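The figures here come from the full heavy-atom set of this structure, side chains too, leaving out hydrogens, waters and symmetry mates. Along the sequence shown, residues carry numbers from 1. Source: prediction; values computed, not measured.
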Amino acid sequence: MTITNTRFPIDLGAYQPLKLDPANATLTSEQREILKANIQLCRDAIVFFTATGAARGVGGHTGGPYDTVPELVILDAFFQGASDKFVPIFFDEAGHRVATQYLMAVLHGKLPAEQLLRYREADSKLPGHPELGLTPGVKFSSGRLGHMWPYVNGVAMANPGKIVFCLGSDGSQQEGNDAEAARLAVAQNLNVKLIIDDNDVTIAGHPSKYLPGFSVAKTLTGHGLKVLEGDGEDVDDLYRRLCEAVNTPGAIALINKRPMCPGIEGLEGSNHGHDVISVELAIKYLESRGQTAAVEYLNSIQKPKQTYTFLGSSSKLGANRNVFGEAVVEILNRMSEAERKQTVRVIDSDLEGSCGLKKIRDAHPEIFVPSGIMERGNFSAAAGFGMEKGKQGIFATFSAFLEMCVSEITMARLNYSNVLCHFSHAGIDDMADNTCHFGLNNMFADNGLDDGYETRLYFPADANQMKACVEAVFFDPGLRFIFSTRSKVPNILDSKGNDFFGSGYQFVPGKDEVIREGTQGYIISFGDALYRSLDAVERLRQEGLDVGLINKPTLNVVDEEMMAKIGNAPFALVIESFNRRTGLGSRFGSWLLERGFTPKYAYLGTYREGCGGLWEQFPHQGIDPASIMSKVKELVKSA
């Protein structure tokens, strides 16, 4: 592991290891002062090193780990003072609070403090969610939000007589997994203690406003858990409740009320604290704390930039995830308000700003349903609205969460529902959150039978094609899945330097498109892999290799005319950022063979755990232009 030579500017050696026995529910004055000092030190450190992620453009999620420091340091003292009572792991349902895990790894001597200065950078082994086996000192992989409690139930079963803690949140408690976990924990009298940060904040806003009937305490009480509710910033009360939980058998939930980012001016109580603190606010906070060396370090950081110049695409970039919303708004604008309310319903899952749905909410709030972190239920609600001919639901979330909705997708198909789905953050580009947030297995959406209701999967290559795609398929019946990346993508250019999908272009569902002709073989690609493949094609041509490029924006439909063209070429190479095991490449070769075509065939896709960072994910997976060129030369040589 590479570490920086710069010294970590906050003295983490000032952390005072403390042993606390939960049999004694009252803190001494000395213990209280040590806890408070440790809390402040950890909070300063978290603000600082997550802000380095902001300065480098890789993000970082400050609020969650910052908020939960008080319970964290008490648990650490429990683990030191009565280790035989506990499974000493800080299990956390909110994987984006990974700064907690990295900080504790440093404090326990498993990770050098200086490594924190590379938080979420590529190849730093500090990705945006904890990954077991990747980072020294990290003891579990969190996966996505709301997946940990059911897992912890099993850990408790495997460790009878010991207590297992699980840090949760009001956001994670919205997931259906946790309702199931609660029932099992109570029924089996598992010694699981939930510590829930209830700050009334998620990405899109405040649960008390978009889910006004939802109460974490009442919900868990209804499942049969004992609930201990209090002020998470009151160290004595927090400690007392933790001791009570430890000393009471069975499943118990501590609900800690606090505003988001308490004590951080400009963020306290705001949903903006959910993600990474801005450098400006971090500097203001650290200056107030006298952390001048940390401020100097933040001021010295220069944001890295992608310096590679891609051939065949323009310098103009478009955010397809936002263009989706803009394109939908243009269509809705052509409808009367009565028609919109009668025929369209848009259901959010706390990600409206990330998936383009905020554009729709701002323009047409009458058809917008703000909702919580409940992907399965929200998808089914959209499908239920779209059950009747002429009506359709619109649903959007991250592509990584598509796997969670597969059963609901099948249910929608069986009911002939009309749903326009937008799954953003597809593939791996700009994904500092790393492996658990990769949108890799999107072909799972096409899980119906051949005689079933039509399902179409679309992955437009740039902003122009995204707009044209939405226009073309908006009123189609059935299930339509449109994918976009987290990253911005450049406009694809034709051989004359004009926008390929510009004026006069019409998107035709099911049709593949020749981006460049070629006599020596074809690359087949889509989405954000297309412009990288085009760059490889242009550079190969400069080297005398006449290679063509096919765009396949409809992923799950065979274009027979194009298949014959590709099948009669010397080689076919599929390039994608989807999972190599489940993506387009795993199907395309079979399609060729079924039709009697036998070109030399290969496919490249995502195949290994991520490296963090942003654009660095593509070369890490071997699907950058240099890797594509190398594979083409290998195929040309053997064809």
Does atom CD of Q306 have more than 12 heavy-atom neighbours from other groups under 6.0 Å away?
yes

Within the distance-only criterion (no hydrogens, no angle test), does the side chain of R7 pair as donor or acceptor with the backbone N or O of A113 below 3.5 angstrom?
no

Side chains of L167 and D197 in contact at under 4.5 Å (non-hydrogen atoms)
no

Any S354 side-chain heavy atom under 4.5 Å of H425 side chain:
yes

Parallel, tilted or perpendicular, as decided by the 30° and 60° cut-offs, for the rings of H96 and H274
tilted

Just wondering, do H108 and P136 contact through their side chains at under 4.5 Å, heavy atoms?
no

Side-chain H-bond candidate by donor/acceptor type, Q40 with D44, under 3.5 Å:
yes

Heavy atoms, side chains only, cut-off 4.5 Å: are L103 and I46 in contact?
yes

State whether the side chain of D234 and the backbone N or O of D237 hold a donor-acceptor pair below 3.5 Å, judged by distance alone.
yes

Do the ring planes of F8 and F48 sit parallel (below 30°), tilted (30 to 60°) or perpendicular (above 60°)?
perpendicular

Any donor-acceptor pair under 3.5 Å linking the side-chain atoms of N434 with those of Q617?
yes

Under the criterion side chain to side chain contact (heavy atoms under 4.5 Å, CB included), I'd like the reasoning laid out for F423 against F395: C-alpha separation, chi angles, the key distance, then a yes or no.
CA-CA 8 Å; F423 283 88; F395 172 83; 3.8 Å; yes

What pair of heavy atoms forms the shortest contact from V58 to G613, and how long is it?
CG1-CA, 4.4 Å

Please assess C42 against V73 for the test side chain to side chain contact (heavy atoms under 4.5 Å, CB included), listing each intermediate value before the final yes or no.
CA-CA 9 Å; C42 290; V73 297; 4.2 Å; yes

If we check salt bridge (charged side-chain N to carboxylate O under 4.0 Å, His left out) with R258, which of these qualifies: E71, E268, E229?
E71

Do the non-hydrogen side-chain atoms of T397 and M404 ever get within less than 4.5 Å of each other?
no

Distance check, rounded to the nearest 0.5 Å: F91 atom CZ versus I195 atom CD1?
13.0 Å

Under 3.5 Å: donor-acceptor pair, side chain of K358, backbone of A204
no

List the steps, then state whether side chain to side chain donor-acceptor pair (under 3.5 Å) holds for S349 with N378.
CA-CA 7 Å; S349 294; N378 288 340; 2.9 Å; yes

On a heavy-atom basis, the closest approach of H129 and G143 is ND1-O, 3.0 Å

May I have the step-by-step check of side chain to side chain contact (heavy atoms under 4.5 Å, CB included) for R361 and D348, ending in yes or no?
CA-CA 10 Å; R361 179 181 190 172; D348 177 47; 5.9 Å; no

Within the side chain of N153, is there an N or O that forms a donor-acceptor pair under 3.5 Å with the backbone of A181?
yes

Give the minimum heavy-atom separation between Q16 and A37, together with the two atoms involved.
NE2-CB, 4.0 Å

Carboxylate-amine/guanidinium proximity below 4.0 Å for R120 and D433
yes

Rounded to the nearest 0.5 Å, the CD1 atom of I255 sits from the NZ atom of K218 at a distance of 11.5 Å

Would you say the side chains of S484 and H422 form a donor-acceptor pair under 3.5 Å?
yes

For E609, does its backbone N or O pair with a side-chain atom of H620 as donor and acceptor, under 3.5 Å?
yes

So, the side chain of T68 versus the backbone of G64: is there a donor-acceptor pair under 3.5 Å, distance only?
yes

I need the minimum non-hydrogen distance between L145 and I373, along with the two atoms involved.
CD2-CD1, 3.6 Å

Rounded to the nearest 0.5 Å, the CD atom of E30 sits from the CG atom of L18 at a distance of 8.5 Å

Any heavy-atom pair between the side chains of F78 and F165 that's under 4.5 Å?
yes

Has the side chain of T135 got a donor or acceptor atom that lies under 3.5 Å from a matching backbone atom of V138?
no

Is there a donor-acceptor pair closer than 3.5 Å between any side-chain N or O of Q115 and the backbone N or O of P112?
no

Cut-off 3.5 Å, side chains only: do K36 and N38 have a donor facing an acceptor?
no

Should R376 and E175 count as an ion pair when the cut-off is N to O under 4.0 Å?
yes

For A282 and L298 the tightest heavy-atom approach is CB-CD1, 4.1 Å

Using a 4.5 Å cut-off on heavy atoms from C-beta on, say whether the side chain of S487 contacts that of W615.
no

How long is the straight-line distance from CG of D236 back to CZ of R241, given to the nearest 0.5 Å?
11.5 Å

Shortest non-hydrogen contact from D178 toward G146:
OD1-O, 3.7 Å

Does G612 offer a backbone N or O that forms a donor-acceptor pair with the side chain of E121 under 3.5 Å?
no

Any side-chain heavy-atom pair from T248 and L228 closer than 4.5 angstrom?
no

Which of parallel (below 30°), tilted (30 to 60°) and perpendicular (above 60°) describes Y102 and Y119?
perpendicular

Can you tell me how the ring of F79 sits relative to the ring of F90, calling it parallel under 30°, perpendicular over 60° and tilted otherwise?
tilted

What distance do E352 atom CD and I347 atom CD1 have between them, rounded to the nearest 0.5 Å?
13.5 Å

Backbone N or O of E93 within a donor-acceptor pair of the S142 side chain at under 3.5 Å?
no

For L27 and L20, what are the C-alpha separation, side-chain angles and deciding distance, and is it a side chain to side chain contact (heavy atoms under 4.5 Å, CB included)?
CA-CA 9 Å; L27 292 168; L20 291 175; 4.2 Å; yes

Member of E265, R43, Q291 meeting the side-chain contact (heavy atoms from CB on, under 4.5 Å) criterion with Y285
R43

Is there a donor-acceptor contact under 3.5 Å linking the side chains of T202 and Y210?
yes

Is any side-chain N of the basic residue among E403 and R144 closer than 4.0 Å to the acidic one's carboxylate O?
yes

Salt bridge or not for K284 and E280, using N-O below 4.0 Å?
no

Inspect the surroundings of OH in Y151 and state if more than 12 heavy atoms from other residues, nucleotides or ligands are less than 6.0 Å away.
no

Find the distance between SG (C261) and CG (N271) and round it off to the nearest 0.5 Å.
10.5 Å

